[in-house]
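Lettering follows sequence order; numbering is per chain, from 1. Keep in mind that this is a model prediction, so the values were computed, not measured.
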Amino acid sequence: MRSATFNPYQPVLPRPHERKRSQWGMALFIATEAMLFVIFFFAYFFLASNSEQWPFHEDPSFKLALVLLVILLLSSVTAHLGQRGIEKGDSKSLNLWLALSLLLGVAFMSVQYFEYSQHLKILTPTDNAYGSIFYTIVSFHLAHVVLGFIMLAYVLARALAGHFSAERHIAVKNVVWYWHFVDLVWIVVVCILYLSPHFYGTAL
Amino acid sequence: MHDTLSIDEQQAKDRLESIWSEPGGIRGWISSTDHKKIGKSYLVTAFLFLLLGGIEALIMRIQLGGPDVGLLSPQAYNQLMTMHGTTMIFWYAAPVLSGFANYLVPLFIGARDMAFPRLNAFSYWTFLLSGILLYVAPMLGIAPDGGWFSYVPLTSEEYSPTKNIDFFAFALIFLTVSTTAGAINFIATIFRLRAPGMSVNRLPLFLWSTSTISFVIVLSLPALTAALVFLELDRLVGTHFYDIALGGEPMLWQQLFWLFGHPWVYIIFLPATGMVSMILPVFCRRPIVGYVWVALATVLTGLVGFGVWMHHMFATGLAEITTGFFSAASMAISMFTILQVFAWLATMFTGRPVLRTPMMFCVGFIVLLVIGGLSGVMTAVIPYDWQLHDTYFVVAHIHFVLVGANVFPVFAGLYYWMPKMSGRMMNETLGKWNFWFMFIGMMLAFFTMHITGILGMPRRVFTYSADSGWTLLNLITSGGAFIFALGVLLGLLNVIYSWRRGEIAGDNPWGADTLEWSTSSPPPEFNFVRIPTVASRHPLWDEHDHTADPENIRLLLEGKQSLATSSVEAADGQTVRFPSESVLPLCLSLVIFALCLSLIWQLGWAAALLTLLGFILTAWWMWPADKELVS
Ligand code: HEM
């Protein structure tokens with residue numbers, strides 16, 4: 001009835017799509033999250049500059065952090081390939097690459113778990129201020145990985161429900177953006193928390 | 001059937017009505033995504049917090065009305081002072097402006113709703129519930145008492161062992177969620193949904209300030225979140241961020257808090273000036289003088305906020321923090337505020353001012369702002385003068401800035417836009433009484449405080465002795481406080497009275513220039529029958545017919561729709577759709593509320609389950625209903 005009676009009202013405008021609106025939303029969400037990490041790093045250096053010795057015991061080992069980095073970088077690539085797939089209308093490839101990204105996400109969380117279990121033997125968050133800020137930053141990043149993981153899973157569910165097409169896949173784009181952001185944050189975390197202490201030695 | 005040219009207006013309206021109407025009653029309220037209903041709820045809630053904070057202030061003023069009044073213990077005084085400051089700064093001053101923005105932004109830009117209507121509902125519910133969370137603490141008899149900036153180590157577990165600070169911290173974290181969501185929504189709305197032709201140089205000035213502060217919110221609120229997260233980790237988990245014994249640093253709290261606190265002053269100030277920049281010219285019967293300068297001053301105020309920020313970040317000396325954030329803030333504000341004040345004065349001198357109530361509040365605001373600015377400069381140029389530091393001079397100054405720069409413009413806005421919201425005019429006689437009570441009360445209460453401060457009365461004291469010589473001044477202050485409160489009450493009574501009995505307003509009772517006045521009062525649920533087009537800064541004052549739409553391409557009758565345009569030029573209309581109303585935003589807010597409680601009481605399993613539930617609800621919320629998917 002709607003179409004029969006009201007067809008003439010149909011706007012003579014491009015077909016509905018909401019691309020920009022939700023992209024603004026995601027970009028701003030990422031911006032505010034990024035600021036949170038900026039503040040965390042500020043706190044890290046602020047505490048460092050007020051301490052005689054930093055880190056308190058020994059420099060953190062960076063081997064596993066680099067393994068984690070490789071996993072995340074790979075997952076960024078797979079997520080990107082999934083997005084490329086759906087841009088060409090290939091929903092099979094989207095499903096495949098999303099599933100692979102999720103697997104890599106699981107890998108990241110498992111290795112992170114192992115890293116924690118090793119690291120906690122040397123240092124705990126309640127030992128001293130260095131431990132507090134170190135674990136807070138790494139755990140907040142982990143929480144963002146989990147959030148990004150849930151987003152990817154949600155997008156995969158929608159993909160399997162057949163929601164996306166070459167023209168309509170804005171949710172995929174937004175979530176992949178977020179995943180890249182999580183990846184980017186880890187690069188900075190590795191540089192600042194894991195690598196930099198080896199360069200400036202123990203005294204900052 | 002109908003061909004394009006024969007659609008009559010009434011048919012289109014009926015159709016829009018059936019698309020946009022929401023269920024009534026309680027169910028309608030809790031599921032509403034209509035920005036006008038949400039805006040009104042925001043305003044009502046914010047005014048309730050103003051009343052709460054006001055009552056707390058009055059109790060303090062009774063205690064301070066004479067020497068050695070035994071009404072309050074020092075403990076109770078600290079609690080009241082903290083609750084008052086916190087309520088006013090966080091749950092009244094910014095949300096009341098969000099309330100106006102919620103109601104008005106889509107109307108200003110010729111849109112039918114906010115960019116993310118459900119997120120908008122979410123912002124409201126989180127605002128309301130975070131306020132309730134804050135007030136759970138005093139109901140349990142453990143009101144926070146660390147002052148509104150809750151310095152550590154006073155608020156560390158060692159010195160505040162009860163759960164009071166935990167409520168304060170979680171309520172604030174909860175509120176930042178609301179504020180951030182709101183800011184993102186405003187930016188997306190203002191940059192995407194403007195009517196064709198409303199390029200940025202034609203924006204109503206309130207939108208310049210709202211978008212500026214929204215960016216400031218997105219970038220500065222994380223500092224508060226981080227400070228509070230560290231505080232709670234220290235208190236609940238046992239970390240050592242602020243614990244000097246194990247490498248922590250109490251100064252970190254102050255750094256982070258003022259990284260956020262400094263921009264926050266603009267957040268509760270700029271939208272208020274934006275409202276004045278829109279109201280004042282209407283009552284001077286001319287466009288504002290120096291539109292570009294005012295817009296620029298607005299944006300620059302936001303930027304300078306971040307300049308000071310950088311300064312904080314890289315030059316983290318101790319001294320400059322103690323010089324007082326209010327003075328630094330006032331200095332930076334004053335440069336650009338002076339510019340705006342001159343624009344307003346020039347508008348008044350070159351126009352023909354009509355002294356209706358909204359205009360009186362605007363003029364009162366300018367007077368208070370100038371006084372507050374001067375006292376701010378005084379505290380800024382003599383920062384090391386311990387005579388003034390931490391005395392009532394500071395209390396006087398912050399109230400001149402906050403009450404002058406926020407409450408007065410808010411009342412101007414209330415008198416100006418209430419006819420649009422209710423369809424009825426506010427009572428002028430009551431309005432004039434309202435204004436003079438508030439203005440005179442303000443002068444008696446807070447101007448006097450300057451003198452009390454110069455005489456050396458310290459702030460945050462719960463009483464004083466008779467021989468200190470402050471008795472008369474304090475009595476005047478307390479009297480003034482009651483007169484001021486009476487003024488506020490008169491205003492709220494006026495709203496209630498006029499909502500039912502006021503004269504019918506008509507579409508544009510003030511002969512104003514902006515789009516909200518082109519639709520009926522109160523506006524229909526869909527705001528505009530046709531998305532208007534804009535050809536100048538003053539759509540209702542120019543020759544251009546903003547409703548002209550011969551081909552009916554801006555009726556948009558296929559579901560909840562509006563027009564999206566390019567961010568700068570506002571060209572290239574595309575239709576966008578809005579989701580249907582939903583109770584999920586409320587459910588999610590309730591889950592977060594419960595999550596906060598479970599964290600306060602350290603119930604790990606409950607917290608984990610609630611987080612999971614939150615994710616499920618979010619996924620449900622985001623999952624598109626079938627009908628929106630058709631493409
Ligand atoms: C009826 C009007 C008001 C009265 C009588 C009043 C009175 C007071 C009093 C007595 C104090 C405590 C001063 C001290 O002991 O150091 C205070 C503090 C404060 N007030 Fe108000 N006030 C009023 C309205 C407002 C409004 C509208 C705002 C903000 C928008 C506000 C913001 C504050 C802040 C931020 C503090 C500082 C709290 C602290 O030191 O932690 N007040 N006020």
Return yes if a side-chain donor-acceptor contact under 3.5 Å exists between [X] and [Y], otherwise no.
X: A/S101; Y: A/W179; value: no
X: A/S61; Y: A/Y194; value: no
X: A/T32; Y: B/T180; value: no

Atom group of [X] that falls short of 4.5 Å from chain A, counting heavy atoms:
X: B/S214; value: neither
X: B/I184; value: both
X: B/L256; value: side chain
X: B/F230; value: side chain
X: B/F241; value: both

Need one label for [X]: side chain, backbone, both or neither, based on atoms under 4.5 Å from any heavy atom in chain B.
X: A/A34; value: neither
X: A/I133; value: both
X: A/Y135; value: neither

Which residues pass the side chain to side chain donor-acceptor pair (under 3.5 Å) test with A/H144, not counting sequence neighbours?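 A/H144 satisfies side chain to side chain donor-acceptor pair (under 3.5 Å) with A/E33 once adjacent residues are dropped.
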
Side chain to side chain donor-acceptor pair (under 3.5 Å) with B/T239: which residues, sequence neighbours excluded?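 So B/T239 forms a side chain to side chain donor-acceptor pair (under 3.5 Å) with B/D234.
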
When heavy-atom pairs shorter than 4.5 Å are enumerated against chain B, which of A/L147, A/T124, A/D127 gives the highest number?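 Among A/L147, A/T124, A/D127, the one with the most close pairs to chain B is A/D127.
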
Work out which heavy atom in B/L193 is nearest to a heavy atom in B/A111; give both atom names and the distance.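 In terms of heavy atoms, the two residues are closest at O-CB, 3.6 Å.
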
Would you call the rings of A/F46 and A/F42 parallel, tilted or perpendicular, where under 30° means parallel and over 60° means perpendicular?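 Judged by the thresholds at 30° and 60°, the geometry between A/F46 and A/F42 is tilted.
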
